[in-house]
There are 2 protein chains.
Amino acid sequence: MPKVPPVLLDQQLCFSIYSASKKFNHFYQSALAPFSLTYPQYIAMLVLWEDAPLTVHQLGERLELDSGTLTPLLKRLEKQGWVSRVRSQTDERQVLIHLTEMATAKREEVYSRIGQCQTLLGMSDEEIDETMAELATVKSQLDNVSRQRLITKNIDN
Amino acid sequence: MPKVPPVLLDQQLCFSIYSASKKFNHFYQSALAPFSLTYPQYIAMLVLWEDAPLTVHQLGERLELDSGTLTPLLKRLEKQGWVSRVRSQTDERQVLIHLTEMATAKREEVYSRIGQCQTLLGMSDEEIDETMAELATVKSQLDNVSRQRLITKNIDN
DNA sequence: AACAATTTAATTGTATACAATATTCTGAAA
DNA sequence: TTTCAGAATATTGTATACAATTAAATTGTT
């Protein structure tokens, strides 16, 4: 009985990405340890520093996370003094996430830490751009597939 | 007071990778739904199909996961009939993960599903190889940084 | 105005991740 | 052979992720 050739883990693009993601996560987590920020908390802060205040929904669109993840994450950020969560007056369904004074005060310090991380990583801007371009291709292909399957599903039903 | 230029989330390599990883995860999770395998369960099965039986430790080295993640994951795989967990006779610290008959029987079916996924993704082998090469660079840089910081830490203490 | 459909957050339940600790076992040194 | 350092796995605690549901508020339509 001939053995089927195995699907090798190390040849799977998905595993390359999964593994790199975990390593990056770990790298930033330890770099940001002085601020007690986890990686997802850090990217939430990045978006808020870009453009606060934002509703939970708007933040979720940028981060590609839903309220199931964000609500508890934001409560933790609030407890640690980075943000305040305020029900909108004009639309009481919405919760606006504001930066605290501490968050504004620490912005540059965190930015500088990120700069150090990028230096430590030691990749040229060109290399980084190229890698991000490749990943953009992967993501757009994955989005296509989801859309295809959605259409198929609609036709099927 | 001049505003510091923001660190833009969308220009962060880490976020590209993080986001791609989640999309891939989701893609495989739905592709493998007929088998009730999550993505981490699937990659564990891939390694076991390559080379079972393996100890928890050996599996963890391949997947870059520790017993804190693997023990409960493997218990779930066992409950669903994919693997059996057997204390080693020669070294009672070790637990050997064996494939069940069901796992062996379903191997080709899962492989074929993976093949379909790769087709759906619609990327050429060259594109995939290139992306994986870029990611290998990123990972080796991240490993270097960790090693550097380890040495620094040892010198510091 | 009345009310169904939609939107927004929060909640619930399941499954990773991983640091830190505990437990058990093995092998080597005294 | 006793002891003890190290190894292998399990457990505990915290923090994501995300599907599915709930609850409250808003909007569109009559």
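For the numbers below, each heavy atom of this structure counts, side chains included, while hydrogens, waters and symmetry mates do not. Remember, predicted model here, so these are calculated numbers, not experimental data.
Closest of all the heavy-atom pairs between B:Leu77 and B:Met45 is CD1-SD, 4.1 Å. Among all heavy-atom pairs drawn from A:Trp82 and A:Phe35, the shortest one is CZ2-O, 3.5 Å. Counting all heavy atoms, side chain and backbone alike, B:Pro40 lies closest to B:Leu73 at CB-CD1, 3.7 Å.
Rounding to whole angstrom units, CG of residue A:Leu96 and C1' of D:dA25 are separated by 15 Å. The CG atom of B:Leu73 sits 16 Å away from the C1' atom of D:dT11 (whole-angstrom rounding). Rounded to whole Å, the distance from CD1 on B:Ile97 to C1' on D:dA10 is 12 Å. In this structure, the CD atom of B:Gln29 is 12 Å from the P atom of D:dA20, given to the nearest Å.
Protein chain B contacts DNA chain C over a range whose 5' and 3' limits, counting nucleotides with an atom under 4.0 angstrom from a non-hydrogen atom, are C:dA15 to C:dT26.
The end-to-end axis angle of the helix from C:dA1-D:dT30 to C:dA30-D:dT1, rounded to 10 degrees and based on five pairs per end, is 10°.
A donor-acceptor contact shorter than 3.5 Å is absent between the side chain of A:Gln141 and the backbone of B:Met123. Looking only at distances, no side-chain donor or acceptor of A:Arg113 sits under 3.5 Å from a matching main-chain atom of A:Leu32. A donor-acceptor pair under 3.5 Å links the side-chain atoms of A:Thr100 to the main chain of A:Ala103, judged by distance alone. With hydrogens and angles disregarded, no donor-acceptor distance shorter than 3.5 Å links the side chain of B:Arg85 to the backbone of B:Leu96. Between the side chain of A:Thr131 and the backbone N or O of A:Glu127, at least one donor-acceptor pair lies under 3.5 Å.
As judged by a 4.0 angstrom heavy-atom cut-off over every strand, A:Gln58 is placed among residues making no nucleic acid contact. Across all strands, A:Thr38 comes closer than 4.0 Å only to sugar-phosphate atoms, never to a base (heavy-atom distances). At the heavy-atom level, A:Leu70 lies nowhere under 4.0 Å from the strands shown.
B:Trp49 and B:Tyr111 have perpendicular rings, their planes meeting at more than 60° on a 0 to 90° scale where under 30° would count as parallel.
A residue-by-residue look at A:Lys23 and A:Val56 shows that A:Val56 has its nearest nucleotide of DNA chain C further toward the 5' end. If B:Val95 and A:Pro40 are placed on DNA chain D by their nearest nucleotide, the residue sitting closer to the 5' end is B:Val95.
Both A:Val7 and B:Met102 belong to a common hydrophobic cluster when Ile, Leu, Val, Met, Phe, Trp and Tyr are linked at side-chain heavy-atom distances under 4.5 angstrom.
Listed pair B:Lys75 / D:dT11 meets the phosphate criterion, a side-chain N or O lying under 4.0 Å from OP1 or OP2.
No side-chain donor from either of A:Gln41 and A:Gln29 sits under 3.5 Å from a side-chain acceptor of the other.
Taking every heavy atom of residues 80-94 of chain A and every atom of DNA chain C, pairs under 4.0 Å involve A:Arg85, A:Arg87, A:Arg93, A:Gln94, by number.
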